[in-house]
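Have a look at the structure below, then the notes.
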Amino acid sequence: MPISSAFRYVMPTEVVFGAGCFSQLADAVQSLGKRPFIVTGKNSARAIGALDRALSMLPKSAVFDAVEENPGTATCERAAGQCRQLGCDCVIAIGGGSPMDVAKAVAALSVNPGPCSAYFGSEKLTHGALPVVAVPTTAGTGSETTPYAVIVDNADNTKRTITAKALFPRVALLDPELTRPMPRSVTVFTGLDALSQAMEGIVSRKSTPVSDTLALDAIRRVKSFLARAARDGEDLEARSEMMYAAMVSGCVIAQTGTTLVHGMGYYYTLEFGIQHGLANGLLLAPLFQFNAHEAPERVRAIVEALSGQTRPTASPATQVAHEIHALFRELDVSPAAKDHGVDESRLAGFAKEVAADPYRYRNQIGNITRERIEAFYRQSAEGGIA
Ligand code: NAP
């Protein structure tokens, strides 16, 4: 794809990748602090043995193990209060995107005064942040290589983002062994998040030649390995490929941001409890049929990555939807959002709210109207191809 404009590429996170590399946690933390604050979810890090292993490597650590899925401002403030009170000087995240994002918010709130909501937006951390070491145990969000903490504002139940270069984790320890215990559904849904982020990066107004290259690589790997990882969780090659693809999808959105897929998907998650990655996945076919009309060459590149064909014959709009649906079939997931609990009578209201907040789709190409957003929701609910 042509280099159309000037760009900047920033990726300060040191990535350590490899089966068993979690054993290097103490080395990763050594130069960053003496009293780590470990942030994790309610069950899985303990269940897979990662929390006990971390505590045996770093016995002076304090632990906050109460992060919920789609975490809120109240949790971040409570955790940051504990971190400050205990005098911790670095933060370790062990878990999926939810604990990683809370760890970043804790790192910010420990050295910046005031409520979490004061920092929604871009570069508002006047005092920087504590260093963060991220240890993902899902393979999807790529939060380990992004400057974002996505947090639900408990005041109005909307997802908002703290964006700051200071929030890029200093180190990301990527040990695919930690993802082996993921149940099939978590594997599939988080994997769809990686796919979504990579696809959105390619059509984002902020795409760069570097992010394009990374995104196409991530798409190919998800297509080749997500179904394998879902079929056999013990398949370490598939787990490694997915963990790598997810990290790379984080590198992509760190540059490009996300698009209308994410802006719309949050409603599925917050209103119907649909897992974040699945919510995005359910919107890919309608949005990329639209994107294909706006940026046919970009969507053609996605189709080639998904299909493995160098000269697909059908139009990119039709073919991209067929490729997404084929992947959903392979994963044994219905592409119809109504099959996952979406109530179609709510969609017009969601469309109105999304349309009223263009910041949510500032990276989206094309002319976006309330009517279009509602049509995307309706197509997603039915799981059809326009
Ligand atoms: P998650 O909410 O972190 O975790 C989902 C579920 O998987 C939880 O029940 C968790 O259990 C469990 N789990 C995690 N690792 C496991 C393992 N190895 N084995 C078994 N179960 C495991 O899900 P996620 O999809 O990774 O993260 C979603 C969040 O990330 C959303 O809030 C989204 O907005 C955010 N996000 C952030 C960025 C960013 O750049 N900052 C990018 C994309 C998405 P426990 O709760 O017990 O740990």
Side-chain angles (χ1 to χ4, degrees), residues 13 22 38-51 63-73 75-76 93-105 107-108 132 134-153 158-164 167-169 172 174-198 200-201 229 233-234 239 242-243 246-258 261-263 265-270 273-281:
T13 303
F22 183 52
I38 298 177
V39 175
T40 189
K42 293 178 181 169
N43 301 302
S44 66
R46 189 167 270 113
I48 68 177
L51 184 56
V63 175
F64 181 87
D65 60 354
V67 177
E68 70 275 31
E69 288 184 44
N70 306 298
T73 42
T75 300
C76 297
I94 304 177
S98 299
M100 286 193 277
D101 286 0
V102 173
K104 292 177 187 176
V132 174
V135 183
T137 63
T138 61
T141 72
S143 179
E144 64 272 19
T145 50
T146 75
Y148 313 124
V150 184
I151 304 296
V152 175
D153 189 341
T158 46
K159 278 206 180 193
R160 301 200 188 281
T161 305
I162 306 173
T163 301
L167 295 186
F168 271 111
L174 295 162
D175 184 345
E177 297 272 12
L178 297 179
T179 64
R180 272 178 154 168
M182 261 196 291
R184 188 178 191 286
S185 62
V186 180
T187 301
V188 169
F189 299 159
T190 55
L192 287 174
D193 198 18
L195 176 67
S196 185
Q197 295 184 158
E200 288 176 74
E234 291 301 314
R239 290 296 195 191
M242 281 309 303
M243 183 158 241
M247 179 273 289
V248 165
S249 80
C251 297
V252 171
I253 62 160
Q255 318 302 319
T256 66
T258 53
V261 171
H262 269 68
Y266 288 147
Y267 283 83
Y268 282 176
T269 297
L270 294 179
I274 296 177
Q275 206 277 346
H276 172 74
L278 175 60
N280 294 331

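Residue numbers start at 1 and run along the sequence shown. Side chains are part of it too, since the values below use all heavy atoms of this structure and drop only hydrogens, waters and symmetry mates. Whatever order the structure lists them in is the order used to number ligands and atoms, beginning at 1.
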I need the I94 CD1 to I38 CD1 distance, nearest 0.5 Å.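 It is 5.0 Å, given to the nearest 0.5 Å.
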M247 side, atom CE; T141 side, atom OG1 - distance, nearest 0.5 Å: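 Reported to 0.5 Å precision, the distance equals 12.5 Å.
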Do any nitrogen or oxygen atoms of [X] come within less than 3.5 Å of a nitrogen or oxygen of ligand 1?
| X | value |
| --- | --- |
| T190 | no |
| V150 | no |
| S143 | yes |
| G97 | yes |
| Q197 | no |
| D193 | no |
| Y266 | no |

Between ligand 1 and [X], can you find any atom pair, the residue atom being a heavy atom, that is separated by under 4.0 Å?
| X | result |
| --- | --- |
| P183 | yes |
| R180 | no |
| P136 | no |
| K159 | yes |
| G277 | no |

Considering only heavy atoms, does [X] approach ligand 1 within less than 4.0 Å through its side chain, its backbone, both, or neither?
| X | result |
| --- | --- |
| H276 | side chain |
| T137 | both |
| N70 | both |

Candidate with minimal heavy-atom separation from atom 37 (C) of ligand 1, of T269, T141, D101: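 When every heavy atom of T269, T141, D101 is considered, D101 comes closest to atom 37 (C) of ligand 1.
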Which one of S98, G96, G41 has a non-hydrogen atom at the shortest distance from atom 29 (C) of ligand 1?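 The option holding the nearest heavy atom is S98.
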Distance-only side-chain donor-acceptor flag, K159 / T269, under 3.5 Å: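 Absent: no donor and acceptor within the cut-off.
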Quick one: do E234 and R180 make a salt bridge, cutoff under 4.0 Å?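 Result for this pair is yes, salt bridge flagged.
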